[in-house]
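When a ligand or atom number is given, it counts from 1 through the structure's own listing order.
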Amino acid sequence: MFKPFISANWKMNKNLEETVDFIKAFLPLTAGINDVDILIAPPFTSLSAAAGLLKGTNVKLGAQNVFYEEKGAFTGEISPAMLLSAGCTHVILGHSERRQYFHESDEIVNRKLKTARKNGLEVILCVGESLKEREDNKTFEVLDRQLSGSLGDGNLEGVTIAYEPIWAIGTGRTATKEQANEAHTFIRGWLKKHKEGAETVRILYGGSVTPENIASLMSEPEVNGGLVGGASLKPDSFAGIVTGARK
Ligand code: 13P
């Protein structure tokens, strides 16, 4: 059985002060919980301060993006080494918002994944279909394309997959637990068919996860955790999700 993994993705929310306030309120609510892996991914500007507060606790730190080059003339970009020195252990890659608004292709995601892994960052790789693709019965086709393009010839060490159906993100319309499990089962099968070590990869569900629905989602065999946007912005709500994920 997998240890549940609950990650916050704060997206473009919270300044430095708000980050500090969150962490100070959140840590006591989840102190001593060691049967769930907990991660928060604040904006870049809050990483260093967050790392200071999280040091020695049960909460890990991740970033929401990284560039695929190691250093150089790439104005506005952030390298894996910078994230590591800011205290990150993880990075979220391939989020649908980055694919949609910043035109990140599977090829770009793959380059980022390779550089991140080479530098020792663990990766949460996001995949998921749009509503139109689901209605057109193309969910598995999309997942197949995204997994093969984003993972490329890379191995699965240090990789977690997050299934995030776009129609469930920020909409309050959570996938049913059956829909989530069906997609996760497809992803597990894909990984087993194409890669070594698929048995140890955790597959998280993301899309309108709340303290109320996490336990039900986690009751499905292939749902190993959650990637949480809106409901991770308040300490009590995110702590409720962590608690609800305990199996
Ligand atoms: P919401 O939880 O706000 O639907 O966002 C999900 C998400 O995109 C996490 O990466």
| message | Is it the case that ligand 1 has an N or O less than 3.5 angstrom from some N or O of Gly230? | response | yes

| query | Are the side chain of Asn224 and the backbone of Phe2 linked by a donor-acceptor contact shorter than 3.5 Å? | reply | no

| field | Enumerated ligand 1 atoms positioned under 4.0 Å from heavy atoms of Glu164 | value | 6 (C), 7 (C), 8 (O), 9 (C), 10 (O)

| query | Near Leu227, which atoms of ligand 1 are under 4.0 Å from a heavy atom of that residue? | reply | 9 (C), 10 (O)

| Close N or O approach (Ser208, ligand 1; < 3.5 Å) | yes

| query | Judging by distance only, is a nitrogen or oxygen of Gly229 under 3.5 angstrom from one on ligand 1? | reply | yes

| remark: If we number the atoms of ligand 1 from 1 as shown, the ones under 4.0 Å from a heavy atom of Gly207 are 4 (O), 6 (C)

| field | Atom pair CG/CD1 of Leu191 and Ile161 - distance to nearest 0.5 Å | value | 5.5 Å

| Judged by modelled atom types alone, do Asn213 and Thr210 share a side-chain donor-acceptor pair under 3.5 Å? | yes

| Residue Ala168 vicinity, atoms of ligand 1 by number, heavy atom under 4.0 Å | 4 (O)

| request: Sort out for me which residue in Val59, Ile6, Val242 forms a side chain to side chain contact (heavy atoms under 4.5 Å, CB included) with Ile33. | output: Val242

| request: Would you indicate whether Glu157, at its atom CD, is surrounded by more than 12 heavy atoms from other residues, nucleotides or ligands within a distance under 6.0 Å? | output: no

| said: Below a 4.0 angstrom heavy-atom separation, can you tell me which part of Asn9, side chain or backbone, both or neither, approaches ligand 1? | reply: side chain

| query | Any idea which atoms of ligand 1 are less than 4.0 Å away from a heavy-atom of Gly170? | reply | 1 (P), 3 (O), 4 (O)

| All salt bridge (Lys or Arg N to Asp or Glu O under 4.0 Å) counterparts of Glu135, not counting sequence neighbours | none

| query | Does any N/O atom on Lys11 come nearer than 3.5 Å to any N/O atom on ligand 1? | reply | yes

| message | Can you tell me how the ring of His184 sits relative to the ring of Tyr163, calling it parallel under 30°, perpendicular over 60° and tilted otherwise? | response | perpendicular

